[in-house]
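No experiment lies behind these values; they were computed from the predicted model shown.
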Amino acid sequence: MQVNIAQAKARLSELVQKAMLGEEVVIAKDNKPLLRLTPIVILTGKRAPGSGKAQILSISDDFDAPLSEFDGYK
């Protein structure tokens with residue numbers, strides 16, 4: 001769905017609701033798309049232990065080595 005700025009101003013609540021339900025809402029000026037309304041995804045709930053298993057493919061051998069930027073702090 002594409003609406004111009006004036007329509008968006010008059011129907012903002014409706015457009016927000018449509019975007020929250022997954023519909024693509026594009027706001028245009030002079031029939032040229034300017035922006036897209038999209039919901040912000042907020043992760044809620046607790047992570048389950050082990051939910052990241054098999055997602056880390058490799059870790060560098062020096063992953064926990066001191067960083068050279070901190071050499072002066074020894």
J.: Using links of under 4.5 Å between side-chain heavy atoms of ILVMFWY residues, direct or through other members, which residues join Ile56 in one cluster?
T.: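 In the cluster with Ile56 are Ile59, Phe63.
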
J.: Determine all donor-acceptor pairs shorter than 3.5 Å in which one atom belongs to a side chain in residues 1-9; sequence neighbours excluded.
T.:
residue : atom : partner : partner atom : Å
Asn4    : OD1  : Ala6    : N            : 3.1
Asn4    : OD1  : Gln7    : N            : 2.8
Gln7    : OE1  : Asn4    : N            : 3.0

J.: Could you grab the distance from atom CD of Glu23 to atom OG1 of Thr38, nearest 0.5 Å is fine?
T.: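 That separation rounds to 13.5 Å.
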
J.: My understanding is that a hydrophobic cluster links ILVMFWY residues whose side chain heavy atoms are under 4.5 Å apart, including indirect links. Using that, what else belongs to the cluster containing Val26?
T.: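 Result for Val26 is none, singleton.
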
J.: Keeping to residues at least two apart or across chains, list the salt bridge (Lys or Arg N to Asp or Glu O under 4.0 Å) pairs with something in residues 35-46.
T.: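 Found Glu24-Arg36.
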
J.: Can you name the residues that form a side chain to side chain donor-acceptor pair (under 3.5 Å) with Asp62, not counting sequence neighbours?
T.: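 If we apply the side chain to side chain donor-acceptor pair (under 3.5 Å) test to Asp62, skipping adjacent residues, the hits are Ser60.
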
J.: Could you measure the distance from the CD1 atom of Ile27 to the CG atom of Leu34? Nearest 0.5 Å is fine.
T.: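 Going from the CD1 atom of Ile27 to the CG atom of Leu34 covers 8.5 Å.
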
J.: Glu14: what forms a side chain to side chain donor-acceptor pair (under 3.5 Å) with it, not counting sequence neighbours?
T.: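 Only Arg11 meet the side chain to side chain donor-acceptor pair (under 3.5 Å) criterion with Glu14.
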
J.: Considering non-hydrogen atoms only, spot the tightest contact between Ala54 and Leu57 and give its length.
T.: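 Taking Ala54 first and Leu57 second, the nearest heavy atoms are O-CD2, 4.1 Å.
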
J.: Who clusters with Met20? Use side-chain heavy atoms, under 4.5 angstrom, across I, L, V, M, F, W and Y, and order the result by chain and number.
T.: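 So far as hydrophobic clustering goes, Met20 is joined with Leu12, Val16.
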
